[in-house]
Amino acid sequence: MALYAIGDLHLSFSCDKSMEVFGDAWKDYVSRLEASLGMLTEEDTLILAGDTSWGMSLEEAEADFRFLDAFPGKKLLLKGNHDYWWTTVSKMKRFLEEKEIRSLDFLHNNAFTYGDYALCGTRGWFLEEDQKPHNAKVLAREVGRLETSLKAAGERPILCFLHYPPLYQGYQCPEILNMLRNYSVEKCFYGHLHGPTIRRRMDGTVGDTEFSLISADFLGFIPKKICEM
C-alpha cells in the first residue's frame, strides 16, 4: 500500500495533441506511462498534480479518464493550468459516476487521508506569468483554496500537492509559502516545469518544508513513491 505522485501527463486520446512534438523526453510517453502505472496495486493511491488531459470538455477528456481508470488504485486529481475540462466538483463527480469511472476523485477545497497523513493541495498560481490586474484575485482565490484544504487536515501531518511551483530559481510566491509554513507542511510536491525550465527547480528543504518536482517528463513517466504503509 503505497502513495505515489506525478504531474503533467498531458493525455490526449480524443484530441490528438501528442506531447511527442516536444522532443525525445516525451518519446513513447504513453507506452512508458502504461508500463509504470501497470505496476500499481489496488491498495495504492496516486496523486495527479494537474495538466492531466488536453481535453477541452469532460466529454473530450473521457478517454483520458478511462485510460487512467484502467489501472489499479485510487487516483486523486488536481487542477492544472491546461485542464480546460475542469468544472465544478459536483459536475465532475456526476460525470464520472454516469460513465462508471470509479477510481478517480478530486483534490480541491478538501483533504484526503493516507495513513497518518493528510493529503492537501490546489493548483496554485504564477503571478508573474501574466501581469493583468485579475491575477491578484486569482492568486488570492488559490491561496484561499489551499487554506481550506490545509484546514481540512486537522491535526494530521500534511503532504501538500500543487500544480504550479511555489518557488524556483528567481521566483517565490510568498503568499503560498507563508501558508505552507503556517500549517507546518512537511513536504510539498509540484509540477508544471518542463524541458529547460526543469533546471530552475528548487528541490530540497526550504524552511521546514521539503520540496520536490514531480512533472512527468522530469520523472521519466514513473510516478514518485512518497511513502508506503
Start with the C-alpha gap between Arg123 and Leu78, add the side-chain angles, then the distance that decides, and say whether side-chain contact (heavy atoms from CB on, under 4.5 Å) holds. CA-CA 6 Å; Arg123 179 184 63 177; Leu78 298 178; over 6 Å; no
Taking all non-hydrogen atoms of both residues into account, name the closest pair between Leu180 and Cys160 and its distance. CD2-SG, 3.8 Å
Evaluate the criterion side-chain contact (heavy atoms from CB on, under 4.5 Å) for residue pair Thr52 and Asp83; output intermediate values, then yes/no. CA-CA 7 Å; Thr52 300; Asp83 286 320; 4.1 Å; yes
Got a donor-acceptor contact below 3.5 angstrom from the Arg66 side chain to the Lys99 backbone? yes
From Glu34 atom CD to Asp28 atom CG, the distance as rounded to the nearest 0.5 Å: 10.5 Å
With no hydrogens and no angle check, do the side chains of Ser103 and Lys75 hold a donor and an acceptor under 3.5 Å apart? yes
May I ask you to check whether over 12 heavy atoms, not counting those of Glu42, lie within 6.0 Å of atom CD? yes
Exercise: identify the closest heavy-atom pair between Ala216 and Leu9: CB-CD2, 4.1 Å
Take Asn81 and His163 through the side chain to side chain donor-acceptor pair (under 3.5 Å) test and state the conclusion after the steps. CA-CA 8 Å; Asn81 60 307; His163 177 66; 2.8 Å; yes
Rounded to the nearest 0.5 Å, how far does CD1 of Ile214 lie from CD1 of Ile47? 8.5 Å
If you take all heavy atoms of Leu213 and Gly191, which pair is closest and at what distance? CD1-O, 3.8 Å
Electrostatic pair Glu142:Arg145 at N-O distance under 4.0 angstrom: yes
Would you say Tyr29's side chain and Met19's backbone share a donor-acceptor pair under 3.5 angstrom? yes
Are any of the side-chain heavy atoms of Arg141 and Trp125 separated by less than 4.5 Å? no
Pair Asn109, Thr122 - check side-chain contact (heavy atoms from CB on, under 4.5 Å), show working. CA-CA 7 Å; Asn109 287 326; Thr122 190; over 6 Å; no
Any chance you could lay out the side-chain contact (heavy atoms from CB on, under 4.5 Å) test for Leu150 and Met179, step after step, and finish with the verdict? CA-CA 9 Å; Leu150 295 172; Met179 198 64 65; 3.5 Å; yes
Over 60° means perpendicular and under 30° means parallel, so tell me whether Phe106 and Trp85 are parallel, tilted or perpendicular. tilted
Test your reading of the model: is there a side-chain donor-acceptor pair from Asn182 to the backbone of Asn178, 3.5 Å cut-off? yes
Hydrophobic cluster membership, with links at side-chain heavy-atom distances under 4.5 Å among I/L/V/M/F/W/Y: are Ile6 and Met39 in one? no
Compute whether any side-chain donor of one residue and acceptor of the other, for Glu147 and Tyr183, lie under 3.5 angstrom apart. yes
Side chain of Asp69, backbone of Phe67: donor and acceptor closer than 3.5 Å? no
When you check the side-chain N and O atoms of Asp8 and His194, is any donor under 3.5 Å from an acceptor? yes
Flag side-chain contact, heavy atom, 4.5 Å: Thr87 against Phe95: no
With distance as the sole criterion, is a donor-acceptor pair present between the side chains of Thr41 and Asp44 under 3.5 Å? yes
Would you sort out whether Ser53 and Asp64 count as a side chain to side chain donor-acceptor pair (under 3.5 Å), showing the intermediate values? CA-CA 6 Å; Ser53 169; Asp64 301 329; 2.5 Å; yes
For Tyr168 and Asp203, does a side-chain donor sit closer than 3.5 Å to a side-chain acceptor? no
Looking at every heavy atom in both Ser149 and Gly121, which two are closest together, and how far apart are they? OG-N, 3.0 Å
Could you give the distance from CZ (Phe112) to CZ (Arg156), rounded to the nearest 0.5 Å? 13.0 Å
Where do Pro166 and Ile176 come nearest, in terms of heavy atoms and distance? CB-CG2, 3.9 Å
Reported CG-to-CG distance for the pair Leu219 and Leu33, which is rounded to 0.5 angstrom: 10.5 Å
Find out whether Glu97 and Arg94 are in side-chain contact, i.e. whether some heavy atom of one side chain is under 4.5 Å from a heavy atom of the other. no
Quick one: does Ile158's side chain get under 4.5 Å of Ser184's, heavy atoms only? no
Backbone N or O of Cys15 within a donor-acceptor pair of the Ser12 side chain at under 3.5 Å? no
Mind checking whether Tyr117 and Tyr114 have ring centres under 6.0 Å apart? no
Taking C-beta and beyond as the side chain, do Leu119 and Phe161 meet within less than 4.5 Å on heavy atoms? yes
Is there a donor-acceptor pair under 3.5 Å between the side chain of Ser215 and the backbone N or O of Leu193? yes
Does anything in residues 103-113 pair up under salt bridge (charged side-chain N to carboxylate O under 4.0 Å, His left out), and if so which pairs, sequence neighbours excluded? Lys93-Asp105
For Phe211, enumerate each residue passing the ring-ring contact (aromatic ring centres under 6.0 Å, His included) test, keeping only those at least two apart in sequence or located in another chain. none
Would a 4.5 Å heavy-atom cut-off, applied to side chains only, mark Val185 and Leu159 as touching? no
Result block: side-chain N/O donor-acceptor pairs under 3.5 angstrom for residues 220-229, not counting sequence neighbours:
none

From OG1 (Thr148) to NE2 (His108), nearest 0.5 Å: 9.5 Å
Check: Arg199 main-chain N/O paired with Gln169 side-chain donor or acceptor under 3.5 Å: yes
If we only count heavy atoms from C-beta on, is the Leu46 to Leu76 side-chain gap below 4.5 Å? no
Where do Ser14 and Ala63 come nearest, in terms of heavy atoms and distance? OG-CB, 3.3 Å
Parallel, tilted or perpendicular: which one describes the rings of His10 and His82, with boundaries at 30° and 60°? tilted
Within a strict 4.5 Å, meaning less than it, do heavy atoms of the Phe13 and Val30 side chains meet? yes
Can you tell me how far CG of Leu167 sits from OG1 of Thr209, rounded to the nearest 0.5 angstrom? 10.0 Å
